Amino acid sequence: LTVAVGRNSPEVTIGGRTFPAGIIPNDHLVDLQTAHPDRIVGIAGVDVSNTLHNAVEEIERYVGDGPLKGVFVEPQRAMEAHVDDERLDPIYEKCLELDVPVVIMSGPLAGENIALTDPAHVDSLASRFPDLNIVCGHGCYPYVTEIVAVALKHQNVYVSPDLYMFTPGAEPYIEAANSFMADQFLFATAYPIRPLKEMVEDFMALPFSDEVRDKALYGNAMRLLKMEV
């Protein structure tokens, strides 16, 4: 089973590099999931700035009234906002109402300023919304120790470092996953940045216990998405 994430992200300039708008329409995710119900689960990409669409209405259309299983947001790019910005509360409240997880963009390319990925704001968000399941895509790298500490504090915070598992300073992800973070750790590929086969092979070579590896590869995601293993 594969989780495919939609995007509705504006163009952004980071460190002198311009990254084009990332648009993966939610209709496309619906088509994929409908065509391959046993292979693909879609996560709706939502523009939190309400420029491309009304964010709450988009969630209601594709998750509440549609088949998609969660919500992906990039407030750092769309609004230069931290993830705990109160302007985003209606989005989080809608996710709570529908009982679906929210996946937040993080990592060094999350926004123009690297402070926008500081896990202190995930900590704040998780404190305000203790029943909201929050997935940190790209694992808040390079704040590795900090996001591990936030996951220790909040059981509703999930860490998904994907390609940043293979960067300097990533060891605490592995150490935490092999101990207290076993139920909050998720495998992801960051495709198309790296080839799928290469990511899977590299992940399988990391020093995880068999139990932790199984949870990271499918068990935790299945529970998070409320699907049968």
Side-chain angles (χ1 to χ4, degrees), residues 3 5 41 43-46 48 59 63 69-76 81-86 88-89 91-111 114-165 167 169-188 190 203 208 211-227:
V3 177
V5 179
V41 173
I43 301 292
V46 174
V48 298
I59 297 170
V63 183
K69 300 291 187 180
V71 172
F72 173 67
V73 297
E74 300 182 72
Q76 307 94 323
H82 293 290
V83 296
D84 60 344
D85 191 303
E86 292 184 357
L88 304 175
D89 283 4
I91 293 167
Y92 299 138
E93 289 164 357
K94 177 58 68 172
C95 290
L96 274 174
E97 176 190 328
L98 298 175
D99 195 20
V100 296
V102 60
V103 182
I104 62 172
M105 175 71 154
S106 69
L109 300 179
I114 199 169
L116 288 167
T117 203
D118 189 334
H121 300 282
V122 179
D123 185 13
S124 171
L125 176 63
S127 293
R128 287 199 291 118
F129 291 94
D131 296 321
L132 175 67
N133 286 320
I134 304 162
V135 179
C136 299
H138 298 319
C140 290
Y141 186 85
Y143 297 93
V144 180
T145 304
E146 290 87 345
I147 189 57
V148 163
V150 172
L152 172 64
K153 181 178 178 182
H154 300 285
Q155 292 186 340
N156 59 320
V157 172
Y158 291 75
V159 181
S160 181
D162 46 75
L163 79 165
Y164 294 106
M165 288 296 303
T167 51
E171 292 80 7
Y173 291 135
I174 299 172
E175 295 170 7
N178 277 326
S179 56
F180 63 85
M181 206 170 71
D183 293 327
Q184 297 162 260
F185 185 66
L186 300 168
F187 167 75
F203 184 84
F208 294 114
E211 180 183 8
V212 166
R213 187 177 292 110
D214 288 347
K215 287 183 176 182
L217 287 171
Y218 65 90
N220 290 341
M222 298 293 276
R223 187 184 71 254
L224 186 63
L225 297 170
K226 296 176 174 59
M227 301 178 67

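Atom set for the values below is all heavy atoms of this structure, side chains included, hydrogens, waters and symmetry mates excluded. In this text, all values refer to a predicted model and were calculated from it rather than measured experimentally.
- When all heavy atoms are compared, the tightest approach of Val159 to Gly139 is CG1-CA, 4.1 Å.
- Two residues are said to be in side-chain contact when any heavy atoms from C-beta on lie closer than 4.5 Å; Tyr141 and Pro108 meet this criterion.
- Considering CE of Met181 and CG of Asn220, their distance stands at 10.0 Å, rounded to 0.5 Å.
- Using a 4.5 Å cut-off on side-chain heavy atoms (C-beta onward), His138 and Leu163 make contact.
- Atom CD1 in Ile147 sits 8.5 Å away from atom OG1 in Thr117 (nearest 0.5 Å).
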For Ile114 and Tyr143, run side chain to side chain contact (heavy atoms under 4.5 Å, CB included): C-alpha distance rounded to whole Å, both residues' side-chain angles, the deciding distance at 0.1 Å, then the answer. CA-CA 10 Å; Ile114 199 169; Tyr143 297 93; 4.2 Å; yes
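- Residues Val144 and Tyr173 have side chains in contact (heavy-atom distance under 4.5 Å, counting atoms from C-beta outward).
- Taking each heavy atom of Phe203 and Arg213 in turn, the nearest pair found is CE2-CG, 4.2 Å.
- Heavy-atom minimum distance, Leu186 versus Pro161: O-CD, 4.0 Å.
- Side chains of Val41 and Met227 form a contact here, defined as non-hydrogen atoms less than 4.5 Å apart.
- Counting heavy atoms from C-beta on, the side chains of Val135 and Val157 never come closer than 4.5 Å.
- Across every non-hydrogen atom of Ala176 and Val148, the tightest pair is CB-CG1, 3.6 Å.
- The OG atom of Ser124 sits 8.5 Å away from the NE2 atom of His154 when rounded to the nearest 0.5 Å.
- With hydrogens and angles ignored, the 3.5 Å screen pairs no side-chain donor or acceptor of Asp118 with any backbone N or O of Glu146.
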Donor-acceptor pairs under 3.5 Å, side chain of residues 92-104 to any protein atom, not counting sequence neighbours: which ones?
| residue | atom | partner | partner atom | Å |
| --- | --- | --- | --- | --- |
| Tyr92 | OH | Val83 | O | 2.6 |
| Lys94 | NZ | Glu60 | OE1 | 2.7 |
| Lys94 | NZ | Glu97 | OE1 | 3.2 |
| Lys94 | NZ | Glu97 | OE2 | 3.3 |
| Asp99 | OD1 | Lys226 | NZ | 3.4 |

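- Panel note: side chain Asp123, backbone Val150; no donor-acceptor pair is recorded below 3.5 Å.
- Side chain of Thr167 to backbone of Tyr164: a donor-acceptor contact under 3.5 angstrom is found.
- Using a 4.5 Å cut-off on side-chain heavy atoms (C-beta onward), Val48 and Asp85 make no contact.
- When side chains are defined from C-beta on, Gln76 does not count as touching His82, because their heavy atoms never get closer than 4.5 Å.
- Counting all heavy atoms, side chain and backbone alike, Leu88 lies closest to Pro75 at CD1-CB, 3.6 Å.
- Leu125 contributes atom CG, which lies 9.0 Å from atom SG of Cys136 (distance to the nearest 0.5 angstrom).
- Taking a cutoff of 4.0 Å between a charged side-chain nitrogen and a carboxylate oxygen, Arg128 and Asp84 do not qualify as a salt bridge.
- For the pair Tyr218 and Phe187, the minimum side-chain heavy-atom distance is 4.5 Å or more.
- Rounding to the nearest 0.5 angstrom, the gap separating the CG atom in Leu224 from the OG atom in Ser160 is 10.5 Å.
- Here the straight-line distance linking atom CG of Asn156 with atom OG of Ser127 works out to 8.5 Å at 0.5 Å rounding.
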